[in-house]
Amino acid sequence: MGWRWGFRRGGYGYPPYYPPYYPPHYPPYYPPANPEDELRYLENYKKMLEDEKKAIEEEIRMIEERIRELKRMLGKE
């Protein structure tokens with residue numbers, strides 16, 4: 001009976017379904033009107049990149065944990 005329904009998006013199975021990756025949208029760059037505006041723009045842009053870097057590092061840490069866990073389950077560690 002289940003075969004008639006086919007695969008459901010986001011349903012059960014391995015590997016799990018992940019939505020497609022879309023790169024983050026960076027703010028458009030406009031030439032600054034003055035040095036204060038350019039400084040503010042660059043500081044905001046740097047903060048945005050640092051936040052993105054933290055998120056990526058956290059995701060890498062979670063993946064490494066899962067790899068260690070799977071290796072322990074398989075007795076390969």
Side-chain angles (χ1 to χ4, degrees):
M1 180 172 178
W3 61 270
R4 293 191 309 163
W5 300 107
F7 294 105
R8 286 186 225 156
R9 185 172 263 198
Y12 300 101
Y14 192 84
Y17 171 77
Y18 294 108
Y21 173 75
Y22 297 106
H25 299 283
Y26 297 109
Y29 178 75
Y30 299 105
N34 57 45
E36 290 86 15
D37 289 342
E38 183 176 9
L39 177 62
R40 186 172 40 254
Y41 171 82
L42 290 174
E43 287 173 341
N44 290 338
Y45 186 61
K46 179 183 172 193
K47 183 183 180 319
M48 185 177 68
L49 291 175
E50 287 170 345
D51 292 344
E52 186 176 336
K53 179 182 172 186
K54 286 178 192 173
I56 291 171
E57 288 172 345
E58 176 66 20
E59 189 168 348
I60 290 171
R61 187 189 61 76
M62 290 173 23
I63 290 170
E64 288 171 344
E65 278 183 30
R66 181 63 178 156
I67 289 171
R68 283 192 298 272
E69 180 182 321
L70 290 172
K71 282 184 178 181
R72 255 184 272 132
M73 286 173 41
L74 297 172
K76 292 186 176 184
E77 190 172 83

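The structure displayed is predicted, hence computed values, not measured ones.
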Student: As an exercise, state the distance from NZ of Lys54 to CD1 of Ile56, rounded to the nearest 0.5 Å.
Tutor: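 Those atoms lie 13.0 Å apart.
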Student: Just how far is it from atom CD of Glu43 to atom CZ of Arg40, taken to the nearest 0.5 Å?
Tutor: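 Rounded to the nearest 0.5 Å, the CD-CZ separation comes to 9.0 Å.
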Student: Can Glu69 and Arg72 be counted as an ion pair, charged N to O under 4.0 angstrom?
Tutor: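 No, this pair does not count.
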Student: Going from CG on Leu42 to CG on Asp37, what distance comes out if it is rounded to the nearest 0.5 angstrom?
Tutor: 11.0 Å
Student: Evaluate whether atom CD of Glu65 has more than 12 neighbouring non-hydrogen atoms of other residues, nucleotides or ligands under 6.0 angstrom away.
Tutor: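 More than 12 within 6.0 Å, yes.
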Student: About how many Å separate CD of Glu57 and CD of Glu50, when rounded to the nearest 0.5 Å?
Tutor: 10.5 Å
Student: Go through the steps for Asn44 and Met48 under the test side-chain contact (heavy atoms from CB on, under 4.5 Å), then give the verdict.
Tutor: CA-CA 6 Å; Asn44 290 338; Met48 185 177 68; over 6 Å; no
Student: Which ILVMFWY residues can you reach from Met62 by hopping between side chains whose heavy atoms are under 4.5 Å apart?
Tutor: none
